[in-house]
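Structure first, then comments.
Numbers restart at 1 for each chain; the letters A, B, ... are given by sequence-line order, proteins then strands.
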Protein chains: 2
Amino acid sequence: MLNQLIDTLKKDEVNWARFMDQFVERNIPSKTILLSEGGISNQFHFIKKGCLRMWFNKDGKDITFQFFFEDQAVASIDSLLSNQPSMFSIESIEPSTLLSINKKSFELICQVYPEVRDGFQNILFKRFSNYAQLFLSRIKDTPRERYEDLVLNHPEIIKRVPQHYIASYLGISPISLSRIKNRK
Amino acid sequence: MLNQLIDTLKKDEVNWARFMDQFVERNIPSKTILLSEGGISNQFHFIKKGCLRMWFNKDGKDITFQFFFEDQAVASIDSLLSNQPSMFSIESIEPSTLLSINKKSFELICQVYPEVRDGFQNILFKRFSNYAQLFLSRIKDTPRERYEDLVLNHPEIIKRVPQHYIASYLGISPISLSRIKNRK
DNA sequence: TTCTAACGATAACAATTGTTAAGAAAACCA
DNA sequence: TGGTTTTCTTAACAATTGTTATCGTTAGAA
């Protein structure tokens, strides 16, 4: 997703080196909270290795919204753009390696490269559209249908994400997920 | 919502008259389908009088996403912007009076007024944010909590929208909605 | 290697919701 | 005004899901 943006940056080797300095690489263990719901987000994370999830909590009820793997950008866009408290938490599911950049540095990049800014707007729109699809599927489809979609179209999730997080993503208890799997 | 845009247009009386010609006023009876799911949307509607709903269907299951009343703009934004089939249907709940404008005319307006285009982008972002809130509430909150929120914060909906559409919005059967109301 | 923690599957019971049906009231149309 | 349609409430029954508990397996840490 951010690959296109990074490709744009790479065309200019001088500034590429300069901006890469703005990215901080770090290793984090499993279950590291990168952002808590209600906190203000000021970072983008680029996953070099590992898996993250974006989730929120309601009365102790854990609901996962999206999983992220290598080569994907992760941020709480709502908080980033509006400087308001984030609706989501971001947490690692596996030990992971991240490249992180803060909002200010990223905005500097956008000033130097209008095409990066435009590309970012495009990415934003696409991500909002993707969220709309997730939203609709969440409402429209039964947990079973959504599980089957994961099996067919997102085998990486099935392979690497613990069942109880998958259940959290489907909005059901882990016990109900076991039942769904047994009904095949 | 489109009020700001229209205020911008009104500042220029010559062009205001020209562009108002692009709006078509029409009266529609209750249960008029303005846009079907899967169709391509090329219109904005501004509600002068009446009430519309945006909804989608899954296996005969009717799920309402949002209600619109007077002074609100209605469009299937996903389809409008992407020229792809709409995820939603738009339908009148009451006999209504609409001011409608097609996409091309609206784009002409945006070319003449860059500030309209920018304002529109802002409105888009706000609407996407609002959809995100609706989305989260839809997942996070129980139908009962969401019904109580309607009673407190959206009495117009309670007053004017038939119960079974409210149930559709809450994602439950009308029978379950009766039960919720009885448990107060 | 051993111990501990995490994870997944399953059973039993309770709670909730959907479907079908029926009846009453309200709204609409000729 | 009378007839029809729509809407809402309620009951009965079925289906689904959640909660609690238990057990076995796997992964991680010392």
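- Within the 4.0 angstrom heavy-atom criterion, only backbone atoms of the sugar-phosphate kind lie near B/Pro162; the bases stay farther away.
- Across all non-hydrogen atoms, the minimal contact from A/Lys140 to B/Asn57 is CE-O, 3.6 Å.
- Residue A/Asn182 places at least one side-chain N or O closer than 4.0 Å to OP1 or OP2 of C/dT10.
- Between the side chains of A/Ser79 and A/Ser86, no donor-acceptor pair is found at a separation under 3.5 Å.
- As rounded to whole Å, 16 Å separates atom P of C/dA26 from atom NE2 of B/His164.
- Residue B/Ile180 contributes atom CD1, which lies 14 Å from atom C1' of D/dT9 at whole-angstrom precision.
- Here the side chain of A/Ile175 is nearest to one of D/dA21, D/dC8, C/dT19, namely D/dA21.
- B/Leu177 has its CG atom 16 Å from the P atom of C/dT16, to the nearest Å.
- The phosphate of D/dG18 has OP1 or OP2 within less than 4.0 Å of a side-chain N or O from A/Ser173.
- Under 4.0 angstrom from either OP1 or OP2 of D/dT9 there lies at least one side-chain N or O belonging to B/Gln163.
- For the pair A/Asp62 CG and D/dG18 P, the computed distance is 13 Å after rounding to whole Å.
- Within 4.0 Å (heavy atoms only), A/Lys61 reaches no atom of the nucleic acid at all.
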Working for ring pair (Phe, Tyr, Trp, His ring centres under 6.0 Å), residues A/Phe44 and A/Phe106
CA-CA 8 Å; A/Phe44 286 98; A/Phe106 189 71; 4.6 Å; yes
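- Counting to the nearest Å, the P atom of C/dG8 and the OH atom of A/Tyr165 are 10 Å from each other.
- Applying the 4.0 Å criterion to OP1 and OP2 of D/dT17, one finds that A/Ser176 has every side-chain N and O outside that range.
- For the 3.5 Å distance criterion, the side chains of A/Ser41 and A/Ser76 fail to qualify, holding no donor opposite an acceptor.
- Taking atom OH of residue A/Tyr147 and atom P of nucleotide C/dG8, one finds them 11 Å apart after rounding to whole Å.
- Comparing atom distances between the A/Arg179 side chain and each of C/dC7, C/dG18, D/dT17 picks out D/dT17 as nearest.
- No side-chain heavy atom of A/Phe67 sits under 4.5 Å from any side-chain heavy atom of A/Glu156.
- Atom-to-atom, CG of A/Leu170 to P of D/dT17 comes out at 11 Å; the value is rounded to the nearest Å.
- Here D/dT9 presents its P atom at 12 Å from CD1 of B/Ile172, a figure rounded to the nearest Å.
- For B/Lys31, whose side chain is taken as the heavy atoms from C-beta onward, the closest listed nucleotide among C/dC7, D/dT6, C/dT19 is D/dT6.
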